[in-house]
Amino acid sequence: MITDNIKEVEQNITKACLTAGRQEQEVTLIAVSKTKPIEMLLEAYDYGCRNFGENKVQELVHKYEEMPKDIKWHMIGHLQTNKVKYIVDKVALIHSVDSLKLAEEINKEAARHQITVSVLIEVNVAEEESKFGITCDNAKSLITDVAKLPHVKIQGLMTIAPYVENAEKNRQYFEKLRDLSVDIRNENIDNVNMSVLSMGMTGDYQVAVEEGATLVRVGTGIFGERNYQI
Ligand SMILES: *Cc1c(COP(=O)(O)O)cnc(C)c1O
């Protein structure tokens, strides 16, 4: 079941790459496993998934301990500064940096472990009240400040698009995030890489890939609907 779902998502990514004239190797699928039990993650792992996304610190740490060690864990949810210390040495990429305060805390904990932590800057492209992330207008100044932290490495940008029935409605936001990343790349800021664009979820990942996503975060499309009561 999960295996079939992943195959279908992969085929859709391949199709979107063909449409956009991109190479499928440019796109990495992150299996968003929040709320799902270890057995389901293992099924995805056995199929070949090595990138998993979680949005809660405690759950990420638990699954990190239970699952094989060759997995790349992605922190995709809002991160409180007081919880950075629990995950800083366990994650491959933190997608949700939207303040200097948070970046400074990551830098401090990374220094303690003598590592450099890869991060994305979360941009609220659609400027939805309910969402975290900084605005496009404020992105450049935040990036300039975060770039000065020696134990943090900006690898690109992330956005969560609005929930829509018709994925085409989100194309404008994916385009905007890509344009912003090109703008920032052209600034040639020291210690800033702009190679990653984390955008697209179950409802809109094909459109996101057509607009340049390099990481897509798919939960429901792989593991089925979530039940937050559990
Ligand atoms: C839950 C979540 C996803 C996956 O959402 P689906 O619609 O289930 O694919 C992707 N990104 C973030 C940040 C999430 O919190």
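Predicted model only: the values in this text are computed from it and were never measured. Just so you know, ligand 1 is whichever comes first in the structure, and atom 1 is the first atom listed for that ligand. Side chains are part of it too, since the values below use all heavy atoms of this structure and drop only hydrogens, waters and symmetry mates.
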Q: Please write down residue, atom name and distance for the protein heavy atom closest to atom 9 (O) of ligand 1.
A: T202 OG1, 2.4 Å
Q. Nearest to atom 15 (O) of ligand 1, what protein heavy atom do you find, and at what distance?
A. K34 NZ, 2.6 Å
Q) Looking at atom 8 (O) of ligand 1, what's its closest protein heavy atom, distance included? A) T220 OG1, 2.5 Å
Q) atom 13 (C) of ligand 1: which of L215, N55, V9, I76 has the nearest heavy atom? A) I76
Q: Give a yes/no verdict on whether any heavy atom in H95 is under 4.0 Å from an atom of ligand 1.
A: no
Can you give me every donor-acceptor pair (side chain of residues 155-162, partner residue at least two apart or in another chain, under 3.5 Å) with its distance?
{"residue": "Q155", "atom": "OE1", "partner": "N193", "partner atom": "ND2", "Å": "3.0"}
{"residue": "Q155", "atom": "NE2", "partner": "S118", "partner atom": "OG", "Å": "2.9"}
{"residue": "T159", "atom": "OG1", "partner": "V123", "partner atom": "O", "Å": "2.6"}

Q.
Strictly below 4.0 Å, N to O, side chains only: are E128 and K131 in salt-bridge contact?
A. yes
Q: Test I143 against I154 for side-chain contact (heavy atoms from CB on, under 4.5 Å), laying out the working first.
A: CA-CA 8 Å; I143 288 169; I154 297 174; 3.8 Å; yes
Q.
Under a 4.0 angstrom heavy-atom cut-off, which atoms of ligand 1 come close to R226?
A. 1 (C), 5 (O), 6 (P), 8 (O)
Q | Interfacing atoms of ligand 1 (cut-off 4.0 Å, heavy-atom, V218) | A | 9 (O)
Q) H78 and S96: side-chain donor and acceptor closer than 3.5 Å? A) no
Q | Closest approach of any protein heavy atom to atom 11 (N) of ligand 1, naming residue and atom | A | R217 NE, 2.8 Å
**Q.** Distance from atom 5 (O) of ligand 1 to nearest protein heavy atom, with residue and atom
**A.** M201 CE, 3.4 Å
Q) At a 4.0 Å threshold, what atoms of ligand 1 neighbour a non-hydrogen atom of G219? A) 4 (C), 6 (P), 8 (O), 9 (O)
(Q) Show, in sequence, the C-alpha distance, side-chain angles and deciding distance for E26 and T214, and conclude whether the side-chain hydrogen bond (donor to acceptor under 3.5 Å, both in side chains) test is met. (A) CA-CA 6 Å; E26 292 171 31; T214 66; over 6 Å; no
Q. Could E66 and K63 be called an ion pair, given the rule that one side-chain N must be under 4.0 Å from one carboxylate O?
A. no
(Q) Does this structure show an ion pair linking R171 with E210, if we count only N-O contacts that are shorter than 4.0 Å? (A) yes
